[in-house]
Amino acid sequence: MHVIVATDGSQASLAAARQFQWIADSREITHVTVVAVVSPYAAVPFANELTERRNTEPTDFSFQDDAAAAVAHVAAVFDGWGPTIHTQVRSGSPASEIIRAAVDTGAGLISLASGSRGLTATILLGTTASRVQHSAPCPVLVCRPTPGSPGGRPG
């Protein structure tokens with residue numbers, strides 16, 4: 001089975017990737033594609049919380065570079081796990097591109113974090129997770145990292 005693991009560059013998305021790996025059976029998974037989506041209309045850079053910040057100048061909007069660094073950081077979670085690991089940085093609406101990645105790869109599962117930014121982290125599922133869940137061509141695993149869970153937030 002091919003699995004899409006989505007990241008938005010947040011610590012929560014890294015924790016969700018770790019949770020997915022913890023519960024998944026690597027013998028059943030043949031490929032994992034780690035995907036990040038950069039909005040072509042973003043007013044702020046890709047919010048990479050996972051690696052050292054690359055765009056130090058306020059006018060240096062290296063969305064693609066930060067997204068690629070975040071994808072590589074999350075993909076490293078799966079090093080030596082078994083399945084073949086692929087990475088993608090896409091441009092467009094996050095939910096639409098995650099769904100499109102699943103369709104393009106024939107994925108059997110999409111894994112992503114719930115509400116990893118702002119108020120949605122505590123009170124709502126999250127816009128992207130909700131949209132993916134309702135429109136995906138396959139099952140969706142929505143991980144909500146919590147203290148004490150594998151890869152979860154510190155307590």
Mind checking whether S111 and C143 have side chains closer than 4.5 Å, heavy atoms only?
yes
By side chain to side chain contact (heavy atoms under 4.5 Å, CB included) - contacts of S26 (at least two apart)
W81, P83
With sequence neighbours left out, the residues meeting side chain to side chain contact (heavy atoms under 4.5 Å, CB included) with P137 are I99, A102, V103
Heavy atoms only: give me the nearest V132-A95 pair and the separation to one decimal.
CG2-CA, 3.8 Å
Quick check: do P94 and D8 have side-chain heavy atoms less than 4.5 Å from each other?
no
Sequence-distant partners of I23, side chain to side chain contact (heavy atoms under 4.5 Å, CB included), two or more places apart:
L141
Restricting to non-hydrogen atoms, name the atom on V142 and the atom on A113 that form the minimum distance, rounded to 0.1 Å.
CG1-C, 4.3 Å
Looking only at heavy atoms, which two atoms of S13 and S10 are closest? And how far apart?
OG-O, 2.8 Å
Evaluate the side-chain proximity of L14 to T7: yes if any heavy-atom separation is below 4.5 Å, no if none is.
no
Anything under 3.5 Å between a donor and an acceptor, one on a side chain of residues 31-38, the other on a protein residue two or more places apart or in another chain? List them.
| unit_1 | atom_1 | unit_2 | atom_2 | d |
| --- | --- | --- | --- | --- |
| H31 | ND1 | H86 | NE2 | 2.8 |
| T33 | OG1 | H2 | NE2 | 2.6 |

In this structure, CD1 of I29 is separated from CZ of F20 (nearest 0.5 Å) by 3.5 Å
pair F78-V5: side-chain heavy atoms closer than 4.5 Å
yes
Who passes salt bridge (charged side-chain N to carboxylate O under 4.0 Å, His left out) against R90, sequence neighbours left out?
E97, D104
Which residues satisfy the salt bridge (charged side-chain N to carboxylate O under 4.0 Å, His left out) test with D79, sequence neighbours excluded?
none
From M1 atom CE to T30 atom OG1, the distance as rounded to the nearest 0.5 Å:
8.0 Å
Determine, step by step, whether L109 and V140 satisfy the side-chain contact (heavy atoms from CB on, under 4.5 Å) criterion, reporting the C-alpha distance in whole Å, the side-chain angles of both residues, the deciding distance to 0.1 Å, and the verdict.
CA-CA 6 Å; L109 178 72; V140 178; 5.9 Å; no
Which pair of heavy atoms, one from L112 and one from A6, lies closest together, and at what distance?
CB-CB, 3.9 Å
